[in-house]
Amino acid sequence: MIKIGELKRVFSPVRHENLRELLRYSAREFAGNDAFILKKKKGKEVSYEHISFAAFYERVNQLGTALLLRGMQGKRIAIIGKNREEWVESYFAVLGGLGICVPLDKGLPYEELESSLARSYADVLIFDPAHKEQVEALKAAGTTKVSQYICMDETEGYLSIPQLRKEGENAGRADFEKYLNLPIDAKATSIILFTSGTTSMAKAVMLSHYNIVENVYAALLCEDIRPGDVNMAFLPYHHTFGSTGQIVMLAAGVVTTYCDGLKYLQKNIVEYKVSVFFCVPLLIESIYKKIMLTVKKEGLEKKVHFGLKVSGLLMKLGIDVRRKLFKQILDQLGGNIRFVISGASAIDPEAIEGFNRFGITAVQGYGMTEASPILAAENHWERRPGSIGKAIPGVELAIDQPDADGVGELIARGPNVMAGYYENPEETEKTLAGGWLHTGDLAYVDKDGYVFICGRKKNVIVLKNGKNVYPEEIELLISNLPYVEENMVFGQPRHDDGDEKDLAICAKIVYKPDYMEETIGLSSVEEIESQIRRDIDAINQQLPTYKQIFRLVITDQPMIKTTTGKVKRYEEAKNL
């Protein structure tokens, strides 16, 4: 076993006992500051609602009091909907001592939503109006324990959050105090969260207040998040990266805003003068590509190249003029962005380094639902391109059973690790074997203690000569081709005799027809396939022989994916 060091502690945040105490602290410490800025549209008129930290705390307590008075103490309360203030309000109200919260993926099809509610034994469902049709079907079917449905907006025939908030506001002081003083067992299961995948297969992770607040504390010990920063909540709240990230923002006194939709991404970042956010790699890569496309269109390539040379030399002398030199580029993003954390999957090193060269600190983090979720990260002071950084404070990381190249399974333990999988002792025992969380990811550590992920243990392709090929490594190279929508690398028998040990490296590539036609000028399938094969031949030249792509599947049809956008490798490979 190879042990891994942790990131430096560079800040001194407050450590909280539970989520209620965290919210109480932020309401006191940042009382009049904006916690949320909400855009309101009425016809062509646009206005903005500013909700302070003190007001948000009051909203949570009003909602929680009303739920308590309606007999919801000890209940399991599920939440489904897009990112919005009412989602966060509901989450904190439930976790204020009422019961167990069950965040659900807003993209679940009806059957999986029904299964999730049944498997979690949810009593109550809080939903946004977009899910009204599914709610009507659930009520008609009567196949779950849910007996109460609450809409986030005022909706005929349903209790609503505004209505409940009013009930809480009008409640007697004794009832309000009763809610505020409900007992909270910080180490008991308070959240049941389904991992990605079809719900019949998905595991239900059991998390506690302690898991979450310890993860928030560790993040704030090492990441440069400041009171008054403006965050845009891109990551869905039903993911721990999204919900824990939001709690980090609340704990640090950061303003939260919301995006109107991906096509308005850049406009919204400028509109709200966003300075920090957590996101997935696709977002950073997309923003970086747009920036570089603008640079090319405006003929600024030579100027930017010269600026990068100058800033690089000055940085070696301890002089940082990046934000002045590249002001024109930064202004495309509102001029305020200074810190971005990417997680969920590997990011293209060119994109993340591009951000850093322009003066935006962009770092990569790593985690999983079972760890609330952050296990490792880079920060402003400790970065290495391609790595996931080091263990966050309080978390132990190690490489289990490393091979001759130092590659083995990444395992972890710490206060943020789950209690186990709900009603699944077999998987719990397997995943938490020996007191360590087995991540299922293969990794190695460099001489300075930085961790590099090679790929999923279950995805590794073992060739006849004993060599290991990590598909994710090759997929990253393919994804750099500008017309690639998505791709998957896998192993298939090299010959028709079906020898399962004699595998060839294969790739399925989904291309963007519009890009091919409008940017490259190719429209026929033959021309497109020929171009892709030429580009793959060029990639093969960069790879050792045993890693080279032997067979290609080319299509413009999307792959089978989970609701989180991850390709279902087994199903895809089975159909090829």
Side-chain angles (χ1 to χ4, degrees), residues 16 18-27 35-36 38 51 53 55-68 72-106 116-117 120 122-128 131 148-153 159-162 164-165 168 179-180 182 184 186 188-194 204-213 215-216 231 233-251 254 256 258 278 369 372-373:
H16 302 286
N18 56 51
L19 289 167
R20 181 171 64 199
E21 292 307 311
L22 182 153
L23 196 61
R24 185 175 287 166
Y25 164 83
S26 70
F36 295 89
L38 311 178
I51 301 173
F53 279 88
F56 177 68
Y57 180 59
E58 195 72 7
R59 283 178 172 226
V60 168
N61 293 333
Q62 288 168 355
L63 177 58
T65 300
L67 293 173
L68 176 64
M72 296 188 194
Q73 185 178 2
K75 301 294 186 183
R76 297 184 177 198
I77 302 177
I79 307 174
I80 190 166
K82 69 178 183 180
N83 283 13
R84 52 186 292 177
E85 184 272 341
E86 289 83 358
W87 198 109
V88 190
E89 192 180 322
S90 302
Y91 183 80
F92 273 97
V94 174
L95 294 175
L98 282 177
I100 292 175
C101 188
V102 185
L104 296 174
D105 185 340
K106 66 181 174 63
S116 297
L117 292 168
S120 61
D123 303 289
V124 180
L125 177 62
I126 298 174
F127 66 97
D128 72 5
H131 290 82
Q148 185 66 69
Y149 297 88
I150 300 168
C151 190
M152 293 182 190
D153 293 332
L159 271 175
S160 70
I161 285 181
L164 289 168
R165 205 188 288 140
Y179 172 72
L180 288 175
L182 284 173
I184 294 175
T189 296
S190 300
I191 302 163
I192 294 177
L193 195 62
F194 290 95
V205 173
M206 297 186 291
L207 299 176
S208 67
H209 281 251
Y210 177 67
N211 294 146
I212 302 291
V213 295
N215 208 228
V216 169
N231 157 60
F234 292 114
L235 295 170
Y237 286 149
H238 64 265
H239 288 173
T240 43
F241 194 19
S243 56
T244 299
Q246 178 61 68
I247 297 165
V248 166
M249 301 303 171
L250 288 168
V254 175
T256 290
Y258 297 101
F278 288 12
T369 304
S372 309

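Everything quoted here is computed from the prediction, not taken from an experiment. Quick note: numbers below take in every heavy atom, side chains included, and nothing from hydrogens, waters or symmetry partners.
- A donor-acceptor contact under 3.5 angstrom links the side chains of R24 and Y57, judged on distance only.
- T244 and N215 form no side-chain donor-acceptor contact under 3.5 Å, judged by distance and modelled atom types alone.
- Between I80 and I126 the shortest side-chain heavy-atom distance does not fall below 4.5 Å.
- At least one donor-acceptor pair closer than 3.5 Å links the side chain of H131 to the backbone N or O of K106.
- Counting only heavy atoms from C-beta outward, the side chains of I161 and E89 approach each other to under 4.5 Å.
- For the atom pair OG of S243 and CD1 of I212, the computed distance is 6.0 Å after rounding to the nearest 0.5 Å.
- Using the six-membered ring where Trp is involved, F56 and F92 have ring planes that are perpendicular, over 60° apart on the 30 and 60° scheme.
- Taken to the nearest 0.5 Å, the CD1 atom of I191 stands 7.0 Å off from the NE2 atom of H209.
- M72 contributes atom CE, which lies 5.5 Å from atom CG of L67 (distance to the nearest 0.5 angstrom).
- If you run side-chain contact (heavy atoms from CB on, under 4.5 Å) between L250 and each of T256, N231, V88, V216, only V88 comes through.
- Ring pair Y237/Y91: centre-to-centre distance not below 6.0 Å.
- A donor-acceptor pair under 3.5 Å links the side-chain atoms of N83 to the main chain of A233, judged by distance alone.
- With R76 contributing its side chain and S120 its backbone, the two residues share a donor-acceptor pair below 3.5 Å.
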